[in-house]
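Below, each value reflects all heavy atoms present in this structure, side chains not excepted, and no hydrogens, waters or symmetry copies. Lettering follows sequence order; numbering is per chain, from 1.
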2 protein chains.
Amino acid sequence: MPKPYCYEYPHPAVATDLCVFSLDKEMRLVALFIRRKQPPFEDQWALPGGFIKVGAENLDQCARRELMEETGTEAAHLEQFGAYSDPGRDPREHVISVGYLALIRHSPAVAGTDAAEAKWFPIETTKKGDLLVNGRRAQLAFDHRKILTDALQRLRRRIDEAPIVFVVMPEQFTLAQLQSAFETIKGEELDKRNFRKWVIDKDWLKETGEFQRGRQRPAVLFTVGKKISKLYAQGQK
Amino acid sequence: MPKPYCYEYPHPAVATDLCVFSLDKEMRLVALFIRRKQPPFEDQWALPGGFIKVGAENLDQCARRELMEETGTEAAHLEQFGAYSDPGRDPREHVISVGYLALIRHSPAVAGTDAAEAKWFPIETTKKGDLLVNGRRAQLAFDHRKILTDALQRLRRRIDEAPIVFVVMPEQFTLAQLQSAFETIKGEELDKRNFRKWVIDKDWLKETGEFQRGRQRPAVLFTVGKKISKLYAQGQK
DNA sequence: GCAAAAGTGTTTCTAATACACCCATGA
DNA sequence: TCATGGGTGTATTAGAAACACTTTTGC
């Protein structure tokens with residue numbers, strides 16, 4: 001195998017690892033994993049991600065490119081949260097991975113070239129903070145359980161600070177749906193009245209004037225305010 | 001120049017850049033810079049830092065090692081805050097730098113091997129957030145102004161969240177001195193009574209029973225509580 | 001008329017802020 | 001005795017949290 005890229009000093013490989021979260025149809029918090037086609041950790045589930053194109057892109061661009069390759073998703077909340085760099089974390093060579101948190105609208109997973117399969121799995125945390133994937137303690141390749149745990153913690157902080165939840169909401173939604181999204185992401189129940197006060201006080205929402213009709217009392221439909229929807233344009237028609 | 005380290009795919013160089021803060025004798029907030037001995041940016045001031053020892057250390061260890069080399073300081077608050085990765089940020093090659101925030105006891109700066117000089121400079125920020133070094137708008141090599149600006153922002157957040165201020169305090173100190181340290185780091189004045197309430201409510205301090213005597217009323221001397229001093233052991237005898 | 005979800009206000013508590021005077025000492 | 005910095009308490013406000021009943025609709 002040729003090794004044409006040579007340096008005066010040793011260089012590590014650098015990759016981004018993506019912690020891609022979404023809410024599925026049943027409003028479960030899901031994360032995207034790929035099943036590895038190659039060693040190491042062949043056939044195990046791992047975070048999507050890939051190596052940076054040296055000299056051609058920065059880490060944000062790398063993460064965005066990988067996200068596109070794995071999900072076809074253009075716009076999303078994408079945020080760097082940490083670098084993982086233990087020399088032994090990848091048995092092949094010293095690989096430094098920069099973790100990215102992504103929150104995207106749910107979409108079919110697409111296996112990239114180096115993955116046998118890409119799939120969304122429901123995730124949750126136990127009371128003591130252990131990460132569960134599909135209800136069982138996460139078994140992931142590399143140090144990806146640690147990375148994902150950090151990402152989820154970051155997501156749960158961010159969800160209150162910035163209007164990122166709207167990337168997983170449909171164009172119109174009721175307050176009950178919005179509350180449910182928050183509850184799922186945060187993994188805790190929220191008080192209805194306090195939630196409504198809190199979210200309406202923020203300058204995020206706009207009433208559409210329309211109603212969602214079901215078998216009960218119709219619910220007011222909201223949409224995202226203009227300023228916010230510009231920031232988090234969702235490729236939603 | 002030989003290039004003995006070869007890879008199948010291109011690899012970037014990876015370094016840590018250290019934003020080392022301290023308080024000097026006059027209680028000014030200072031940051032440590034080195035004057036570069038080599039191109040690029042020869043003779044310009046830059047952040048200390050250096051390349052990771054591939055396969056032999058992780059980024060935290062790299063940062064800690066560099067800190068030791070530049071300051072002789074063993075223990076300090078040291079915290080990763082972000083990766084800087086634009087392909088053109090270093091003209092030589094694609095270098096990814098991971099920024100570390102360090103807060104250490106003031107100590108003489110020591111020029112490392114690749115620095116002509118190492119020096120502490122007083123830093124502050126304008127109201128609109130511009131970074132001033134020595135009272136003038138910062139002129140630093142690479143993208144180090146951006147990195148340092150991010151670091152300072154992080155420092156100002158952390159200082160309230162965790163008992164890191166004690167790495168710059170002497171073993172015994174008065175509340176007035178402690179308040180002054182907070183004010184300097186945060187770049188704003190604090191209310192004396194509110195500060196005392198706040199800091200005493202935290203479980204950080206212990207009265208020594210001793211007093212500092214000056215030309216005025218003696219001030220109660222405090223020291224750091226046991227739990228805290230373990231976490232932030234300072235190499236102070 | 002009843003089941004089901006939508007909607008709504010008030011009280012309580014806590015944390016942050018603003019603010020002004022007396023105290024103990026050295027000179 | 002006075003200049004100097006050390007030390008203290010209370011009232012106000014804002015935001016978070018707890019909490020229960022009425023409304024509107026489809027069936």
Open item on the list: Can you measure B:Asp201 atom CG to D:dT8 atom C1' for me and round it to whole angstrom units?
Closed with: 14 Å
Task: Strand contacts (DNA chain C) in residues 187-195 of chain A, 4.0 angstrom heavy-atom criterion - done: A:Lys192, A:Arg193
TODO: Please work out which of the three classes, parallel, tilted or perpendicular, describes the rings of A:Trp45 and A:Phe121, given edges at 30° and 60°.
DONE: perpendicular
Open item on the list: What is the separation between atom CD on B:Gln212 and atom C1' on C:dT25, rounded to the nearest whole Å?
Closed with: 13 Å
Task: Nearest-nucleotide pick for A:Ala176, side chain only, options being C:dA5, D:dT4, C:dA6 - done: C:dA6
Open item on the list: Between B:Arg154 and B:Asp150, does any NZ, NE, NH1 or NH2 come within less than 4.0 Å of an OD or OE carboxylate oxygen?
Closed with: no
TODO: Starting at CG of A:Leu47, measure out to CG of A:Leu18 and round the result to the nearest 0.5 Å.
DONE: 8.0 Å
- [ ] Could you check how far CZ of B:Arg196 sits from P of C:dC19, rounded to whole Å?
- [x] 19 Å
Open item on the list: So, applying side-chain hydrogen bond (donor to acceptor under 3.5 Å, both in side chains) with A:Tyr100, which one of A:Thr16, A:Asp60, A:Asp17 is it?
Closed with: A:Asp60
Task: A:Gln216 CD to C:dC2 P, straight-line distance once rounded to whole Å - done: 18 Å
TODO: Return the value, rounded to whole Å, for the distance between atom CH2 of A:Trp198 and atom C1' of D:dA16.
DONE: 12 Å
Task: Separation of C:dA6 C1' from A:Arg215 CZ (nearest whole Å) - done: 14 Å
TODO: Classify the angle between the aromatic ring planes of B:Phe81 and B:Tyr84 as parallel (below 30°), tilted (30 to 60°) or perpendicular (above 60°).
DONE: perpendicular
Open item on the list: Students often get this wrong, so: under 4.0 angstrom with heavy atoms, is B:Arg213 touching a base, only sugar-phosphate, or nothing?
Closed with: sugar-phosphate
- [ ] Rounded to the nearest angstrom, tell me the gap between atom CD in B:Glu207 and atom C1' in D:dG6.
- [x] 13 Å
- [ ] Please tell me which of A:Phe211 and B:Lys197 maps to the more 5' nucleotide of DNA chain C, matching each residue to the nucleotide holding its nearest heavy atom.
- [x] A:Phe211
TODO: Could you tell me how the ring of B:His106 sits relative to the ring of B:Trp120: parallel (under 30°), tilted (30 to 60°) or perpendicular (over 60°)?
DONE: tilted
- [ ] State whether B:Arg217 places a side-chain N or O below 4.0 Å from either non-bridging phosphate oxygen (OP1 or OP2) of C:dG26.
- [x] no
Task: Spatial distance of atom CD1 (B:Ile96) from atom CD1 (A:Ile52) [nearest 0.5 Å] - done: 4.0 Å
Task: Interatomic distance where CD belongs to B:Gln179 and C1' belongs to D:dG5 [whole Å] - done: 12 Å
